Amino acid sequence: MDTPLTPTAGNDAGPPSEPRYEQLSGLPAEPLTAGQLRELYSLMVAVRHLDASAIAWQRQGLIPGYAPELGQEAAQVGSGYAVDTARDFVFPTYREMGVARAMGVDMVAYMSTHKATWHGGLYDPQESRLAPIQAVVGGSVLHAVGWAHGQTLSRPADGTLGVAMTYFGDGASSQGDVHEAMNFAAVMKAPVVFFVQNNGWAISVPTERQVAGGSVAARAAGYGIPALRIDGNDVVAVVEATRRAFAHCRAGNGPALIEAMTYRRGPHSTSDDPGRYRSLNEERDDAGEDPLERFRRRLLADGVADEAFFAEALAAAKSEEEEIRAGVQALGSRPGSEMFDLVFQETTPALQAQAANWREESEHV
Amino acid sequence: MDTPLTPTAGNDAGPPSEPRYEQLSGLPAEPLTAGQLRELYSLMVAVRHLDASAIAWQRQGLIPGYAPELGQEAAQVGSGYAVDTARDFVFPTYREMGVARAMGVDMVAYMSTHKATWHGGLYDPQESRLAPIQAVVGGSVLHAVGWAHGQTLSRPADGTLGVAMTYFGDGASSQGDVHEAMNFAAVMKAPVVFFVQNNGWAISVPTERQVAGGSVAARAAGYGIPALRIDGNDVVAVVEATRRAFAHCRAGNGPALIEAMTYRRGPHSTSDDPGRYRSLNEERDDAGEDPLERFRRRLLADGVADEAFFAEALAAAKSEEEEIRAGVQALGSRPGSEMFDLVFQETTPALQAQAANWREESEHV
Amino acid sequence: MSNAILESEAAMADGTPNHGVEQLSMQQALNRALDEVLAGNPKALIFGEDCGRLGGVFRITDGLQAKYGTGRVFDTPLAESGILGMSVGLAMAGFHPIPEVQFDGFAYPAINQIVCQIARMNYRSRGTMPMPVTLRVPSFGGIRAPEHHGESLEALFAHVPGLKVVSPSNPHEAYHLLKYAATRPDPVIFMEPKSRYWQKGGVNFDSADGSDSPAGDSPTGANVMRAGRHVTLVAWGAMVARCLQVAELAAEDGIDVEVLDLRWLKPIDEAALVASVRKTRRAVVVHEAPLTSGLGAEVAQLVTQGCFDTLKAPVERITGFDVPYPSGDLEDEYIPNIDRILFGIQRVLEYRRG
Amino acid sequence: MSNAILESEAAMADGTPNHGVEQLSMQQALNRALDEVLAGNPKALIFGEDCGRLGGVFRITDGLQAKYGTGRVFDTPLAESGILGMSVGLAMAGFHPIPEVQFDGFAYPAINQIVCQIARMNYRSRGTMPMPVTLRVPSFGGIRAPEHHGESLEALFAHVPGLKVVSPSNPHEAYHLLKYAATRPDPVIFMEPKSRYWQKGGVNFDSADGSDSPAGDSPTGANVMRAGRHVTLVAWGAMVARCLQVAELAAEDGIDVEVLDLRWLKPIDEAALVASVRKTRRAVVVHEAPLTSGLGAEVAQLVTQGCFDTLKAPVERITGFDVPYPSGDLEDEYIPNIDRILFGIQRVLEYRRG
Ligand SMILES: Cc1ncc(C[n+]2csc(CCOP(=O)(O)OP(=O)(O)O)c2C)c(N)n1
Ligand SMILES: Cc1ncc(C[n+]2csc(CCOP(=O)(O)OP(=O)(O)O)c2C)c(N)n1
Ligand SMILES: [Mg+2]
Ligand SMILES: [Mg+2]
């Protein structure tokens with residue numbers, strides 16, 4: 001009577017570094033051209049450099065805080081690169097700087113959120129195809145499902161669908177909203193790609209004390225959602241998996257999930273102190289090889305790029321960062337009147353009265 | 001590029017009527033004795049009769065509403081029968097009358113909730129080992145996890161644990177709280193049995209438009225939780241599965257899930273009109289054989305009981321129902337002062353003032 | 001069946017608005033309004049638990065799926081956060097979602113999406129992503145229902161920046177306010193007084209903008225439902241009808257009661273409120289929600305601010321108590337009844353400065 | 001290190017209370033209180049996101065897991081509804097849960113469990129299942145944090161029957177109120193003013209029941225933090241310190257301001273409120289939450305009810321605006337600042353019946 005029941009399988013999705021492609025049926029994705037590979041490298045360097053610089057900006061007092069993505073460049077650039085900004089729509093968290101950059105979002109407008117200028121960022125989400133920056137963990141996963149269902153409802157004549165891609169972390173996978181989103185998406189066959197960056201940590205809590213069963217991808221099976229668990233530090237694998245997931249969704253086959261196994265090499269945010277919950281040795285052992293360094297070696301080995309190209313890419317990254325920093329530095333505060341003006345499309349007498357009162361009392365100051 | 005991804009399996013848990021025992025490792029449960037089988041039958045008849053009567057009570061104006069469980073007697077009596085009320089604790093929804101009866105709860109106190117006497121019912125939950133009746137769908141699933149974790153924290157010397165069993169439906173499985181509960185339970189290895197009555201419907205929404213992938217049991221795998229999908233209309237199968245799940249939990253192996261496939265033969269509640277969303281033919285085809293009738297035939301075939309026993313059981317059920325009805329009829333309203341007195345353990349001046357005011361103004365009435 | 005009704009059903013069939021005055025229940029009036037909204041805006045969608053095939057547990061969406069198809073009117077899985085979170089995405093994609101939560105008490109699981117997303121997305125996105133979400137919430141008590149089926153969440157909603165909140169008190173209001181709300185570019189919480197669903201009343205369809213509502217006010221203002229000189233009763237939803245009853249009874253004692261139907265709970269029509277109490281010099285606010293931090297406090301404070309010099313007595317609040325909404329047996333003790341409201345009137349009339 | 005500190009650390013080690021007066025930050029005071037609560041009650045448990053190994057993002061639970069083990073102080077998965085729902089079950093099993101939600105804005109996903117379960121279980125179970133849950137919520141704004149990290153939920157919580165709500169304004173209060181709250185048999189929402197975590201102040205450990213708090217009041221009452229004759233400022237949490245600053249400035253102009261720290265936001269100490277304003281005859285209530293349906297309305301109405309005859313001007317509310325809490329650049333425009341409070345004081349002082 002006290003014999004343990006055995007789990008019904010599916011919860012052991014292999015160690016993070018082993019990509020699992022076997023769940024992908026059909027043709028392999030078209031290989032990336034040399035030009036595309038170099039473009040990816042340039043993006044990753046730009047993102048790496050901007051990310052490291054943003055931490056410096058914070059230390060220098062230019063911005064009050066920042067959530068670094070060091071180590072997640074392959075996962076972010078690779079997935080963002082697969083987006084068709086003419087018809088798809090992306091729902092980020094607070095850590096998707098690399099996705100924004102890969103999608104071509106105005107980076108001064110993006111970084112303004114970290115300067116405490118405006119919560120969602122100053123970029124235009126409709127034009128950028130990137131929803132406003134989202135601080136609620138798991139908060140926008142359902143939005144992606146709704147947006148995607150909207151595509152089904154207004155399906156164009158050629159039958160192909162705009163696809164929503166939503167980002168969330170291993171920690172976010174614990175939120176009820178994420179479950180509701182997966183179930184809704186699967187019931188409605190909504191064209192949505194759930195892109196999980198499993199970076200090993202939710203602030204101080206490691207994945208093994210967060211994600212029961214050990215894998216977010218394994219959850220997808222319970223909803224009948226096809227899932228891929230991939231090496232999120234291999235940018236080529238990320239691009240290919242994301243393209244295939246998009247193709248799956250675009251053709252009307254319903255949602256797909258990608259769990260990109262990666263590692264948050266930096267602190268959770270500039271106010272975090274990872275030394276309290278993990279040692280430098282653990283970091284070194286668990287992080288694996290640097291995705292940028294790895295990609296660089298590969299490009300060299302394959303003869304796709306040479307040292308001159310890498311130097312050029314770094315130089316471009318540096319001048320890009322300088323421009324962005326200048327833009328961020330130049331950013332003034334938004335006028336206080338926007339607090340009132342942007343609440344509604346149709347304002348109210350009470351708000352107008354409060355705005356008038358505010359104007360009067362702050363002019364006296 | 002547009003080849004569909006294939007699901008990662010695990011979502012096809014077979015048709016409702018096929019029990020799936022293969023996931024149970026180890027020894028089969030001890031067989032039920034003839035006496036126990038007869039006891040189960042008596043309980044099922046009592047529940048069937050009380051349930052049918054409660055609908056009549058509502059029509060006669062004795063109670064304002066009721067949520068019938070017609071067709072779910074095997075699932076409810078069988079699982080409730082497996083509870084050890086000396087150490088386990090059960091978290092019902094609003095439809096677990098059969099569980100309450102099988103656990104020996106005072107049925108007048110139980111039915112009082114349907115008389116609108118007191119929301120949670122008048123029984124003492126701590127003594128009965130049955131939490132108050134719960135009207136929020138999925139609302140108490142997390143409570144079971146918390147209670148169960150409490151058992152782990154205060155594990156007795158003999159090492160065996162009290163087990164929490166929580167009931168919920170196919171509809172409830174869509175709620176975020178249910179996902180959070182499964183994840184918490186699996187991460188903490190909490191001794192909790194998730195008992196799902198998949199009765200085919202959540203009011204007017206059939207399981208196939210509710211549960212993506214088709215099976216709640218299949219979800220468990222994603223958390224590494226062992227799951228059984230059983231024929232919930234076979235009371236013996238239900239008792240055995242529940243006992244094994246309890247044994248699993250009691251021994252400290254963490255949570256288990258049982259999905260009992262059954263059918264809500266009646267309306268969702270006395271104010272529902274199922275004719276608006278399913279035809280009588282569909283009901284007949286989908287409901288399968290009446291679990292009570294089926295058990296009766298089995299007992300006859302196995303020579304465990306005869307017609308005289310069945311007649312006796314029915315007579316007992318009838319007199320039991322009469323007694324309960326008399327008790328319910330005799331139930332007065334609770335004094336209005338309880339509204340104020342039961343809010344807190346330590347009342348507040350504001351509440352006392354409101355109570356005094358209420359007393360004064362209602363005495364004038 | 002009267003000609004008017006036949007005509008209006010014909011009108012419904014091709015989506016053109018109804019005409020004339022009809023006696024309808026609030027359930028029918030709401031159903032008509034939704035029908036017209038769907039007909040008028042191909043981007044309008046209705047969804048929630050059981051509102052498709054069943055037509056909703058209160059039948060407010062009855063027949064609409066059959067008429068507009070499962071793309072426009074559909075059942076969702078049983079998850080309120082899912083329903084509201086999905087509404088955000090649909091709004092971003094250019095739709096006008098009209099979701100339903102089945103009962104007031106089941107708005108709580110969706111509060112995170114309502115407060116942190118629906119109410120803030122227009123702001124967060126700097127006006128580029130409006131949230132024209134009309135959330136229907138069958139609200140308030142009085143029907144001897146199970147737990148969590150009789151809640152009053154207006155104070156919570158009214159406190160949330162970015163939301164507008166409205167509650168109709170009769171079929172005419174229900175029809176016009178829902179049509180108005182469901183064509184706004186901002187999120188509106190539409191609180192339906194469920195105990196009034198089956199009460200009939202005249203609906204004047206010709207006042208397409210609600211402008212010939214009883215007091216001739218605009219769709220965004222409060223309505224004087226009964227003019228009076230001695231005291232103003234302020235109420236909304238199901239309490240308006242009760243206050244009108246109270247006014248009749250008080251009239252027998254020579255007390256001339258003005259009844260103000262607030263309608264919009266956010267933004268509150270402060271001007272109407274103040275105008276009424278400046279005249280009557282006394283006010284009693286009535287609601288079902290618990291007293292402490294209820295919307296009655298806001299109303300009372302607006303009155304006090306606006307009428308400090310004329311007010312003859314502190315504003316009385318006759319409300320539910322600070323206790324969880326009780327089971328059916330005790331709900332008549334909990335919901336403000338006629339006697340308690342009369343006591344409140346008496347207190348403000350008899351108040352003498354000490 | 002002073003002898004007092006060494007002694008008190010020795011005392012902490014074996015769980016006996018501290019003695020004497022120490023200068024501590026609010027973070028330290030809260031940490032000490034939790035330490036003593038865990039030492040004093042083996043059924044007390046602390047859990048939430050990152051409060052185990054990390055000691056909480058604000059370090060309020062620093063060192064407690066090391067001291068009491070992972071059974072007493074533990075990290076949960078990232079799900080607030082899960083944390084609060086689990087608390088219900090632990091309370092049913094006889095524990096005293098002291099969960100944390102990491103930031104105010106992340107209480108919303110748990111509202112369903114807080115409102116429908118924690119607040120009602122004692123009632124629903126007819127007193128057989130008390131809910132001694134002490135929910136710690138780092139609250140209010142002022143630290144230039146990301147979105148949803150600067151919210152004021154007191155009006156929402158105070159409206160919910162079955163909850164008690166308290167907010168400390170300084171380290172002494174923080175220590176005593178948390179010790180008091182975490183030993184109550186009822187659910188208490190403990191709102192910590194996060195902008196004050198690092199401010200130091202004297203904590204008198206000898207007032208084990210909080211009874212020698214500045215004004216000599218009981219742990220459940222409001223505190224007069226500064227006596228004055230001309231106007232009463234009513235505040236809580238981080239706004240108390242600001243009001244004390246305002247009082248100093250006003251004093252330079254000869255205006256004698258009384259500052260009342262409400263402390264308990266449910267139940268409100270109505271007697272203290274009324275006593276103060278009967279004396280000063282004027283009141284300004286200050287809070288960070290949006291104006292409409294904020295707790296300031298309740299405070300204002302309680303004052304008006306209790307002081308109608310003596311009040312010289314309508315109660316002023318100086319509050320956040322009816323807008324979503326803005327990003328850091330604008331938060332000083334949003335949170336009531338010294339000037340806005342001074343304008344409020346001026347308005348009540350200059351009010352003349354027209
Ligand atoms: C609903 C909610 N709860 C808590 C937080 C506080 N918080 C911010 S980030 C974070 C950890 C998120 O972990 P994960 O989802 O793995 O993403 P990562 O930070 O690793 O990118 C927490 C707890 C939040 N932002 N939202
Ligand atoms: C959170 C919540 N949302 C909605 C409801 C309204 N409601 C009551 S029962 C029900 C259907 C539940 O279906 P299921 O979980 O399958 O249980 P069953 O009724 O079939 O036993 C609904 C939608 C509720 N009680 N709670
Ligand atoms: Mg992570
Ligand atoms: Mg069901």
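Treat the numbers as computed from the prediction; the structure is a model and nothing was measured. Just so we're on the same page: letters track the sequence lines, and every chain starts at 1.
Side-chain contact between D:Lys266 and B:Thr348 is absent, with no heavy atoms from C-beta onward closer than 4.5 Å. At a threshold of 4.5 Å between non-hydrogen side-chain atoms, the residues B:Leu153 and D:Leu45 count as touching. Looking at D:Arg184 and B:Gln345, their side chains never come closer than 4.5 Å, going by heavy atoms from C-beta outward. Contact check for D:Thr128 versus B:Glu127: no side-chain heavy atoms found under the 4.5 Å cut-off. Looking at D:Val88 and B:Leu142, their side chains never come closer than 4.5 Å, going by heavy atoms from C-beta outward. Annotation: side chain of B:Arg334 is in contact with side chain of D:Arg126 (closest heavy-atom distance under 4.5 Å).
For the options D:Arg120, D:Glu270, D:Met121, D:Gln117, heavy-atom pairs under 4.5 Å to chain B are most numerous at D:Gln117. No other option in B:Gly121, B:Ala131, B:Pro132, B:Gly162 has as many heavy-atom pairs under 4.5 Å with chain D as B:Pro132. When B:Gly146, B:Ala181, B:Ser140, B:Gly120 are compared by the number of non-hydrogen pairs under 4.5 Å with chain D, B:Gly146 comes out ahead. Of all the listed residues (D:Pro187, D:Gly89, D:Pro185), the one sharing the greatest number of non-hydrogen pairs under 4.5 Å with chain B is D:Gly89. Heavy-atom pairs under 4.5 Å with chain B peak, among D:Gly162, D:Ala119, D:Pro267, at D:Gly162.
In this pair, B:His149 and D:Phe74 present their aromatic rings perpendicular. The plane angle is above 60°, beyond the 30 to 60° band.
Not one N or O on the side chain of B:Asp177 forms a donor-acceptor pair closer than 3.5 Å with the backbone of D:Ser81. Side-chain N or O atoms of B:Gln151 include none that pairs as donor or acceptor with a backbone N or O of D:Ala93 at under 3.5 Å.
Summarising the geometry, atom NZ belonging to D:Lys43 is positioned 4.5 Å from atom OG belonging to B:Ser154; distances are rounded to the nearest 0.5 Å. A distance of 11.0 Å separates CH2 in B:Trp147 from CG in D:Leu90, rounded to the nearest 0.5 Å. Note that NZ of D:Lys164 is 5.0 Å distant from CZ of B:Phe344, once rounded to the nearest 0.5 Å. With rounding to the nearest 0.5 angstrom, the CD atom of B:Glu338 is 9.0 Å from the OH atom of D:Tyr123. In this structure, B:Gln134 CD and D:Cys116 SG are separated by 8.5 Å, a value rounded to the nearest 0.5 Å. Distance check: D:Met129 CE to B:Gln126 CD gives 4.0 Å after rounding to the nearest 0.5 Å.
Of the atoms belonging to D:Met131, not a single heavy atom falls under 4.5 Å from chain B. For a residue to count as touching a neighbouring chain, one of its non-hydrogen atoms must lie under 4.5 Å from one of that chain's; by this rule B:Phe91 touches chain D with the side chain only. Of the atoms belonging to B:Ile133, it is backbone heavy atoms, and not side-chain ones, that fall under 4.5 Å from chain D. B:Val343 touches chain D through backbone and side chain together, each having a heavy atom under 4.5 Å away. Only the side chain of B:Glu180 comes within contact range of chain D, judged by heavy atoms closer than 4.5 Å. Contact of D:Asn122 with chain B is made through backbone and side chain together, with heavy-atom distances under 4.5 Å. For B:Met188, the part lying under 4.5 angstrom from a heavy atom of chain D is the side chain only. Using a 4.5 Å cut-off between heavy atoms, D:Leu163 touches chain B through its backbone atoms (N, CA, C, O) alone.
Looking at every heavy atom in both residues, B:Gly139 comes nearest to D:Gln113 through O-NE2, 3.1 Å. The two residues D:Ile83 and B:Phe184 have their closest heavy-atom pair at N-CZ, 3.8 Å.
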